[in-house]
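Small disclaimer: the values here were computed from a predicted structure and weren't measured. The analysis underlying the following values was restricted to heavy atoms, covering all of them including side chains, and did not include hydrogens, waters or symmetry mates.
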Amino acid sequence: RVGNQVFVQGYMDIDPTAAAPTTTAIRISLPIASNLANAQDCTGTGASGQSTQQAGRILADTVNNEANFSFSAQDVANVGWYFAFGYKIL
């Protein structure tokens with residue numbers, strides 16, 4: 001946290017339940033609560049080390065006040081993802 005800005009980074013393993021191309025979404029709880037009103041109030045990216053699963057995006061889930069990480073699953077194999085996002089405490 002720097003002032004009213006929060007920066008988050010991490011790693012997670014994801015096992016999609018359906019194969020290519022299926023939009024897959026994961027909600028990530030915010031470490032410090034914020035009232036996210038617009039999708040752009042929380043933004044970031046995610047990347048996997050596997051060539052078939054390349055990148056995903058992170059936007060605000062304004063209904064649940066969480067980060068929403070989404071990507072297009074190419075298969076149902078377990079894939080490790082690195083992610084980073086930031087948001088303002090509102």
Side-chain angles (χ1 to χ4, degrees):
R1 175 179 178 174
V2 178
N4 65 348
Q5 301 286 325
V6 179
F7 302 97
V8 180
Q9 60 186 15
Y11 174 87
M12 62 183 152
D13 286 318
I14 300 175
D15 287 305
T17 57
T22 302
T23 299
T24 302
I26 306 291
R27 289 190 345 223
I28 304 170
S29 299
L30 303 179
I32 299 173
S34 182
N35 186 19
L36 304 173
N38 301 298
Q40 297 78 21
D41 287 345
C42 174
T43 59
T45 60
S48 77
Q50 188 182 65
S51 62
T52 60
Q53 308 273 3
Q54 296 178 0
R57 69 178 184 179
I58 298 173
L59 294 173
D61 176 344
T62 58
V63 173
N64 299 295
N65 288 318
E66 295 178 321
N68 182 45
F69 174 60
S70 62
F71 65 97
S72 181
Q74 300 303 308
D75 57 46
V76 294
N78 178 285
V79 176
W81 288 85
Y82 295 92
F83 63 90
F85 65 89
Y87 64 97
K88 183 187 280 189
I89 300 171
L90 302 170

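Residues Val79 and Ile14 fail the side-chain proximity criterion, which asks for heavy atoms closer than 4.5 Å. Side-chain atoms of Pro31 and Val8, non-hydrogen and from C-beta on, do get closer than 4.5 Å to each other.
Under a hydrophobic clustering in which Ile, Leu, Val, Met, Phe, Trp and Tyr are joined whenever their side-chain heavy atoms come within less than 4.5 Å, directly or via other members, Val2 and Leu90 fall into different clusters. The hydrophobic clustering, which links ILVMFWY residues whose side-chain heavy atoms are closer than 4.5 Å, places Ile89 and Phe7 apart.
Residues passing the side-chain contact (heavy atoms from CB on, under 4.5 Å) test with Gln9 are Ala84, sequence neighbours excluded. By the ring-ring contact (aromatic ring centres under 6.0 Å, His included) test, Phe69 pairs with Phe71, Trp81, sequence neighbours left out. Take Arg57 and apply the salt bridge (Lys or Arg N to Asp or Glu O under 4.0 Å) test, not counting sequence neighbours, and it matches no residue.
For residues 15-40, the set of pairs meeting the salt bridge (Lys or Arg N to Asp or Glu O under 4.0 Å) definition, not counting sequence neighbours, comprises Arg27-Asp61, Arg27-Glu66. The stretch residues 34-44 participates, sequence neighbours left out, in no side chain to side chain donor-acceptor pair (under 3.5 Å) pair at all. Listed by first then second residue, pairs satisfying salt bridge (Lys or Arg N to Asp or Glu O under 4.0 Å) with a partner in residues 76-90 number zero, not counting sequence neighbours.
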Legend entry - Verdict with supporting geometry, Ile28 and Met12, side chain to side chain contact (heavy atoms under 4.5 Å, CB included): CA-CA 11 Å; Ile28 304 170; Met12 62 183 152; 4.0 Å; yes
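Here the closest heavy-atom approach between residue Pro16 and residue Ala77 is recorded as CD-O, 3.6 Å. Considering every non-hydrogen atom in both Ala67 and Ile58, the closest pair reads CB-CG2, 3.8 Å. Minimum interatomic distance between Ala18 and Ala73 (heavy atoms only, all atoms of both residues): O-CB, 3.8 Å.
Looking at Leu59, Thr45, Asn68, Leu30 one by one, the single match for side-chain contact (heavy atoms from CB on, under 4.5 Å) with Phe85 turns out to be Leu30.
Cluster partners of Tyr82 are Tyr11, counting Ile, Leu, Val, Met, Phe, Trp and Tyr whose side-chain heavy atoms approach within less than 4.5 Å, directly or via other members.
Atoms CG and CG, on Asn65 and Leu36 in that order, are 5.0 Å from each other to the nearest 0.5 Å.
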